[in-house]
Amino acid sequence: MNIYDDVGYLKGVGPKMAEKLNKCGIYTILDLLLYFPRDYEFISIANNVEEFNDKDKIITEATVEGILKDIRTKTGKVLSTVLFKSGNTKFKGIWFNQPYAKNSFRVNGKYILSGKIEKHNKEIHLSNPKIMRNITLDDNKILAKYSLRDDLSNNFLNKIITEALVQINIIENLPRSILDKYKFISLDEAIKSIHSPMDSKILNEAKRRLKFQELFTYSLKILLLKEINSSVKGIGFKISDELKELKEKLPFQLTQAQARVVREVLLDQKKPVPMNRLVQGDVGSGKTIIALITMFNVIKNGYQVAMMAPTEILAKQHYAEAEKIYKNFGIKVKLLTGSTTGKNKEIIKEEIAQGKIDLLIGTHALIEENVVFDNLGMIVTDEQHRFGVGQRSKLSNKGENIDVLVMSATPIPRTLYLYLYGDLDVSIVDTLPPGRKPIDTYYVNKNESNRVYNFALKEIEEGRQVYVVCPLVEENEDIKLTSVTNLYDELKEKYFRNINISILHGKMSNKDKNEIMDRFKSGEIKVLISTTVIEVGVNVPNATVMIIENAERFGLSQLHQLRGRVGRGSHKSYCILVAEIKSETTRRRMEIMKSSNDGFYIAEEDLRIRGSGEVFGMRQSGESGLLLADLSTDFQLFKVANLEAKALLANQEEEEQRVVKEIINSIERSSKYICFN
Ligand code: ADP
Ligand code: MG
């Protein structure tokens with residue numbers, strides 16, 4: 001069996017199960033092995049149940065002494081009880097509303113049980129005990145807990161992962177020298193231990209090894225990209241005479257920072273090597289116009305340009321802007337997104353292939369779909385933190401050695417972007433256009449949210465609009481977070497009975513999302529309650545209040561991004577963070593948001609307060625493509641991995657060269673950075 005084989009090949013995985021696994025993103029054996037536990041349960045082996053404390057999770061061997069009749073409690077639950085004896089200690093096994101659970105037991109039968117201890121006066125209860133099979137009672141246990149969907153069970157995942165690990169022989173893929181230097185355990189042991197750790201020491205070792213592996217491969221890929229980028233020939237564009245006229249006709253004067261970045265990009269365009277430049281600028285710093293001016297130059301050189309945005313809403317916005325700025329310059333602009341109808345799509349594709357369209361704006365459907373350009377000269381991607389390295393390399397493959405410009409509104413600390421985007425040159429737009437009113441930021445404790453919504457009501461009375469954002473709720477999460485639909489119901493009922501409010505989240509179709517956004521833009525909808533889908537680039541100048549629920553769950557940079565949705569018009573704007581402030585760290589983080597409007601400062605601070613902030617928000621992994629490593633807490637390891645990757649590439653010895661080749665092969669076959677054969 002091969003790691004790239006379909007999971008369906010595994011014993012016990014039928015077509016139905018395979019489909020369920022696919023829904024979790026598991027297609028191949030490799031995906032399965034890289035489906036790491038989201039958490040672990042630490043369970044003690046109890047020879048003597050009496051020695052343990054209330055709430056301890058234990059495993060113990062016990063004999064059934066009796067099975068009681070079910071009773072109905074005052075609250076209407078069905079209570080089932082089995083009497084056990086373990087050693088000399090008697091205890092009760094207790095289940096609520098699971099009358100069938102006791103049927104697995106026979107009087108005098110001996111079972112290995114797992115459950116949680118509950119002490120009631122003199123009685124010991126084992127709550128919700130489960131029979132454990134195939135388990136030895138010699139050591140304490142750490143049970144992996146996986147993210148589950150549908151009716152996939154933890155046991156099932158455990159079973160098939162164990163099965164896969166038996167079938168697959170994981171070959172070491174780091175050079176001996178690195179393993180020795182950092183005392184890493186073998187790859188095989190690391191993968192096995194992350195799924196079923198013998199103890200917490202080995203679990204930590206496995207994590208350290210795999211995080212390193214991930215960051216190392218990531219670094220290697222960045223370094224390779226840089227090498228490739230700098231070794232190829234590109235187009236040397238002329239500086240168009242019409243640029244001057246375009247600049248004169250702009251609705252505003254460029255800020256100094258914008259003018260500087262435009263110059264930097266134009267200089268790149270002149271050079272006969274492909275441009276790979278990242279333009280970083282805080283929300284609202286005016287990056288779009290930089291793209292429009294520099295794309296103009298390429299178009300006037302007779303080439304086509306593609307501009308990609310992460311969402312359809314943004315793509316539409318850019319399209320409108322381009323139409324406005326390019327009016328009277330004879331430039332043909334088209335929009336291609338997921339909701340472009342089939343027939344239109346065909347026409348656009350044809351015109352693109354024939355070179356009739358100068359600028360094609362769209363979502364990343366642009367690279368996924370088989371769009372063939374006649375004469376592509378430049379690609380611009382907006383809000384690039386949504387585009388991983390994988391997409392970055394795919395992008396530049398689209399045309400031959402074309403110029404690539406990526407724009408990001410996530411201010412990434414300088415120290416970090418060298419590692420993350422080392423394959424790119426960087427320009428920074430570090431001033432905001434004039435006339436911006438700073439946004440006032442406040443934070444309140446959750447129990448004070450009353451005040452917040454009354455304030456929002458007042459703003460609505462004044463004719464303004466309001467955003468309310470809450471974090472995504474992951475299934476199976478124990479923590480009670482405000483989910484978008486619950487929040488909608490609650491707010492509608494409590495505050496906004498007679499006000500037009502609406503919901504927006506990622507699971508909605510693009511059509512629905514667009515429609516709601518349009519109605520919000522037109523002012524019809526007064527309050528928009530959403531997940532972070534509105535995070536990027538949306539521009540509604542009349543919205544003046546941004547309320548963020550469970551603000552403690554977001555990375556500071558993400559909070560800053562969200563805050564940037566307001567303060568875009570002439571009215572004073574507010575950002576209110578509603579947080580559960582339980583720790584000093586949370587308070588400090590909220591305080592940073594309150595005291596600063598500078599995205600770069602905030603990002604540096606976010607990185608500095610380790611363990612709490614994540615540079616890219618709650619689930620940065622999806623965006624950077626990293627599974628285990630957390631860029632804020634594992635920054636030191638990232639540095640080390642980067643150094644080692646550099647050293648490996650420079651090393652001419654046979655083993656090192658072989659390792660590089662193997663890793664390159666693996667990253668070409670999978671989008672994941674923990675790779676093996
Ligand atoms: P972002 O960097 O977040 O993408 P945008 O490009 O969307 O910012 O610009 C935000 C707003 O500022 C837009 O409405 C844009 O028209 C305006 N803007 C950009 N540059 C200037 C400028 N130099 N002077 C005045 N307004 C500007
Ligand atoms: Mg933008």
Side-chain angles (χ1 to χ4, degrees), residues 243 246-265 277-296 305 307-327 333 359 361 363 380-387 405-412 417 426-439 465 467 517 520-521 532-544 546 557-571 573 575 597-600 602-603:
L243 268 176
L246 178 79
K247 283 188 194 166
E248 275 162 11
K249 287 197 173 143
L250 291 181
F252 43 70
Q253 205 183 354
L254 294 184
T255 63
Q256 254 183 28
Q258 283 171 322
R260 172 174 43 78
V261 176
V262 166
R263 263 200 315 276
E264 285 168 355
V265 177
R277 185 168 289 275
L278 168 67
V279 172
Q280 276 203 67
D282 221 334
V283 199
S285 60
K287 295 182 292 297
T288 318
I289 197 69
I290 295 172
L292 288 171
I293 295 172
T294 54
M295 292 192 300
F296 180 88
V305 176
M307 185 185 201
M308 300 203 310
T311 65
E312 204 163 324
I313 294 171
L314 266 176
K316 272 177 81 176
Q317 218 163 270
H318 288 331
Y319 176 72
E321 195 68 17
E323 287 278 34
K324 204 170 81 191
I325 300 285
Y326 291 161
K327 212 169 73 188
V333 188
L359 170 59
I361 299 179
T363 49
V380 176
T381 76
D382 195 11
E383 316 294 349
Q384 119 296 338
H385 70 282
R386 302 256 151 165
F387 298 103
L405 184 70
V406 285
M407 302 196 291
S408 169
T410 310
I412 296 159
Y417 77 58
V426 176
S427 293
I428 294 181
V429 195
D430 49 10
T431 50
L432 294 181
R436 286 281 155 77
K437 295 193 177 126
I439 301 158
Q465 287 161 280
Y467 291 105
M517 256 348 270
F520 188 64
K521 263 188 206 167
T532 52
V533 285
I534 54 134
E535 174 187 346
V536 270
V538 169
N539 198 16
V540 181
N542 191 46
T544 55
M546 166 61 69
S557 290
Q558 202 180 12
L559 289 177
H560 179 65
Q561 279 251 345
L562 289 166
R563 175 166 64 185
R565 298 306 110 218
V566 296
R568 301 194 147 222
S570 51
H571 302 285
S573 290
C575 172
N597 258 310
D598 176 347
F600 285 93
I602 289 170

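Ligands are counted one by one from 1 in listed order, and the atoms in each one are counted from 1 as well.
For ligand 1, the polar-atom distance check against L254 finds no nitrogen or oxygen pair separated by under 3.5 Å. Considering backbone and side-chain atoms alike, P434 places every N or O at 3.5 Å or more from each N or O of ligand 1.
Contacts of S573 classified as side chain to side chain contact (heavy atoms under 4.5 Å, CB included), with partners at least two apart in sequence or in another chain: I439, T544, V566. Under the ring pair (Phe, Tyr, Trp, His ring centres under 6.0 Å) criterion, Y326 pairs with F296, not counting sequence neighbours.
In this structure, G284 has a heavy atom closer than 4.0 Å to ligand 1.
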Walk me through it: do E321 and T288 pass the test side chain to side chain donor-acceptor pair (under 3.5 Å)?
-> CA-CA 8 Å; E321 195 68 17; T288 318; over 6 Å; no
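Looking at H560 and D282, their side chains do bring a donor and an acceptor atom within 3.5 Å of each other.
Close approach of ligand 1 to T255 (heavy-atom distance below 4.0 Å) involves ligand atoms 23 (N). Which parts of ligand 1 touch T288 is read off a 4.0 Å heavy-atom cut-off, strictly below it: atoms 4 (O), 5 (P), 6 (O), 7 (O). Of all atoms in ligand 1, listed by their number and element, those nearer than 4.0 Å to a heavy atom of R568 are 3 (O). Close approach of ligand 1 to D282 is summarised as follows: ligand atoms under 4.0 Å from at least one heavy atom of the residue are 2 (O).
Atom 20 (N) of ligand 1 has its nearest heavy-atom neighbour, among Q258, K287, Q253, in Q258.
With hydrogens and angles ignored, the 3.5 Å screen pairs no side-chain donor or acceptor of K287 with any backbone N or O of V279.
Within a 6.0 Å radius of CD in E323, other residues, nucleotides and ligands contribute more than 12 heavy atoms.
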